[in-house]
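Below is the structure I would like to discuss, written out as structure tokens.
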Protein chains: 2
Amino acid sequence: MDEKDIVLVNELIENSRAPLTHLAKKLGMTDVAIKKRLKKLEKEGVIRKYTIEVDPTKLGFKHVALIGIDTEPEKILDVSTQLASKEYAYKVYLTTGDHMLMLEAWAKDNKHLTQIIEDIGKIPGVKRVCPAIILEKLK
Amino acid sequence: MDEKDIVLVNELIENSRAPLTHLAKKLGMTDVAIKKRLKKLEKEGVIRKYTIEVDPTKLGFKHVALIGIDTEPEKILDVSTQLASKEYAYKVYLTTGDHMLMLEAWAKDNKHLTQIIEDIGKIPGVKRVCPAIILEKLK
DNA sequence: ATTGAAACACGACACAT
DNA sequence: ATGTGTCGTGTTTCAAT
């Protein structure tokens with residue numbers, strides 16, 4: 001990881017479909033050198049995956065919610081693996097703080113969100129479900 | 001937005017550098033047709049950007065924190081725009097729930113995180129800062 | 001650095017709604 | 001008329017020598 005790698009990563013964060021030759025120009029090297037750096041960054045796990053950022057509302061999801069979940073301490077891993085397998089789970093985090101588990105969920109509408117919250121509540125070991133709807137994404 | 005678009009978006013979420021021809025095979029059409037769909041999805045804002053998912057720890061950030069922030073109600077927009085301009089702010093959300101503002105912050109180390117929390121506390125209108133460190137990302 | 005193969009961009013045209 | 005598809009051509013990009 002040197003300065004060039006940082007620039008490269010930042011370029012890819014902005015546009016992961018940029019051709020190697022474009023990246024090469026920006027960094028002042030050849031496409032082959034860029035390719036090698038990418039391979040290295042992928043292998044090291046710096047780049048987890050090439051992906052897209054989508055607008056959930058445009059995909060028919062009216063609500064995006066951050067849901068804090070409290071569990072019985074010994075059940076936290078069970079609960080988290082179960083959550084991660086749910087189709088409504090977009091992201092699952094183990095955290096310190098108020099809640100030990102945080103979930104980002106995408107819901108089609110109010111009814112769906114209610115279902116999700118109920119579904120989480122039914123997972124054995126879950127003590128409390130604290131949903132917060134994301135009203136706006138500012139960054 | 002039809003079934004094909006959904007498949008296409010899901011493929012790109014998994015690998016945004018997939019060549020058009022690969023995507024074309026999966027969807028049973030030509031690369032040109034795929035390209036046209038991509039253009040449409042980009043124009044409609046379904047695809048916000050082609051990006052990469054990086055591992056913050058590999059970039060030298062030891063901590064990723066989800067920070068809930070309480071503000072005086074009339075200051076919430078001021079605070080949120082200020083937060084969005086901070087270099088440590090990776091994501092900023094306006095939410096319902098416990099805290100009206102949620103921030104995802106990347107910190108180089110403990111000291112940096114402390115600084116960030118103090119910095120947030122100093123923004124006029126901020127009443128309470130509730131940090132939660134993300135221990136593990138499960139999905 | 002060269003080069004052959006693969007992937008991509010663009011235009012013109014066709015078909016359906 | 002608009003949206004969506006195929007085909008043909010020339011160019012760019014890739015990956016392996």
Side-chain angles (χ1 to χ4, degrees), chain A residues 1-64 87-88 90 106-109 111-112 136-137 139, chain B residues 1-61 90 137 139:
Chain A
M1 281 298 298
D2 58 4
E3 191 51 47
K4 300 263 184 185
D5 281 332
I6 310 267
V7 176
L8 185 52
V9 165
N10 283 327
E11 285 295 328
L12 288 170
I13 286 175
E14 287 312 312
N15 178 19
S16 62
R17 273 188 90 81
L20 297 186
T21 44
H22 289 192
L23 298 168
K25 265 182 205 153
K26 290 231 180 185
L27 296 238
M29 18 178 160
T30 69
D31 53 350
V32 179
I34 297 289
K35 182 70 189 167
K36 279 185 191 163
R37 279 177 183 265
L38 285 190
K39 280 241 174 77
K40 193 196 61 181
L41 291 170
E42 290 161 18
K43 207 182 87 199
E44 287 172 349
V46 178
I47 296 174
R48 283 229 196 83
K49 68 158 132 173
Y50 300 87
T51 185
I52 53 173
E53 206 179 287
V54 302
D55 183 343
T57 64
K58 299 273 167 60
L59 284 174
F61 295 95
K62 282 217 179 65
H63 302 302
V64 176
E87 95 286 349
Y88 55 72
Y90 182 67
W106 290 10
K108 292 193 192 307
D109 49 37
K111 200 178 122 204
H112 187 204
E136 203 171 344
K137 210 172 174 175
K139 189 176 181 178
Chain B
M1 283 299 297
D2 59 4
E3 191 52 45
K4 301 258 184 186
D5 282 331
I6 309 268
V7 176
L8 186 51
V9 165
N10 284 328
E11 286 293 331
L12 288 170
I13 287 175
E14 288 312 312
N15 179 18
S16 62
R17 272 187 92 80
L20 297 185
T21 44
H22 288 190
L23 299 167
K25 265 180 205 153
K26 291 231 179 185
L27 295 240
M29 353 174 184
T30 67
D31 51 351
V32 183
I34 297 289
K35 179 70 189 169
K36 284 183 184 175
R37 278 177 184 264
L38 285 190
K39 280 244 173 74
K40 193 198 63 184
L41 291 170
E42 290 161 18
K43 206 181 88 199
E44 288 172 348
V46 178
I47 295 175
R48 282 227 194 85
K49 66 155 117 172
Y50 300 87
T51 185
I52 53 174
E53 206 180 289
V54 301
D55 183 341
T57 65
K58 299 273 169 63
L59 284 174
F61 294 95
Y90 182 67
K137 211 171 174 174
K139 189 176 182 178

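Below, chain A is the first sequence line, B the second, and so on; all start at residue 1. Computation of the quantities below employed the complete heavy-atom set of this structure, encompassing side-chain atoms and omitting hydrogens, waters and symmetry-equivalent molecules.
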key: Closest to side chain of Leu20(A), choosing from dT6(D), dT4(D), dC14(D)   =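 That would be dC14(D).
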task = Using a strict cut-off of less than 4.0 Å between a Lys/Arg side-chain nitrogen and an Asp/Glu carboxylate oxygen, indicate whether Asp2(A) and Arg37(A) qualify as a salt bridge.
result =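 Yes.
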request  = Answer yes when Asp55(B) and Arg48(A) have at least one side-chain N-carboxylate O distance shorter than 4.0 Å, and no when they do not.
outcome  =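 A salt bridge links Asp55(B) with Arg48(A).
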ask   = When the nearest nucleotide of DNA chain D is assigned to Lys4(B) and to Arg17(B) on a heavy-atom basis, which residue is associated with the more 5' position?
value =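 Checking each residue's closest nucleotide, the 5'-ward one belongs to Lys4(B).
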query = Between dT2(D) atom P and Lys43(B) atom NZ, what is the distance in whole Å?
reply = 11 Å
key: Residues, nucleotides or ligands: over 12 heavy atoms within 6.0 Å of Lys137(A) NZ   = yes
inquiry  = Can you say whether a donor on the side chain of Lys36(B) sits under 3.5 Å from an acceptor on the base of dG5(D), or the other way round?
reply    =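 Answer is yes: a donor-acceptor pair is held.
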query = What integer distance in Å separates Lys39(B):NZ from dT2(D):P?
reply =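 Lys39(B) atom NZ is separated from dT2(D) atom P by 18 Å.
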ask   = Is any side-chain nitrogen or oxygen of Arg37(B) closer than 4.0 Å to OP1 or OP2 of dG3(D)?
value = no
side-chain N/O His22(A) vs dT12(D) OP1/OP2, d < 4.0 Å = no
ask   = Closer to the 5' end of DNA chain D via nearest nucleotide, is it Asp31(B) or Pro19(A)?
value =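 The residue closer to the strand's 5' end, by nearest nucleotide, is Asp31(B).
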task = Compare the minimum distances between each of dC8(C), dC14(D), dT6(D) and the side chain of Met29(B), then state the nucleotide with the smallest one.
result = dT6(D)
message = Any salt bridge linking Lys26(B) with Glu11(B)? Criterion: basic side-chain nitrogen under 4.0 Å from a carboxylate oxygen.
response = yes
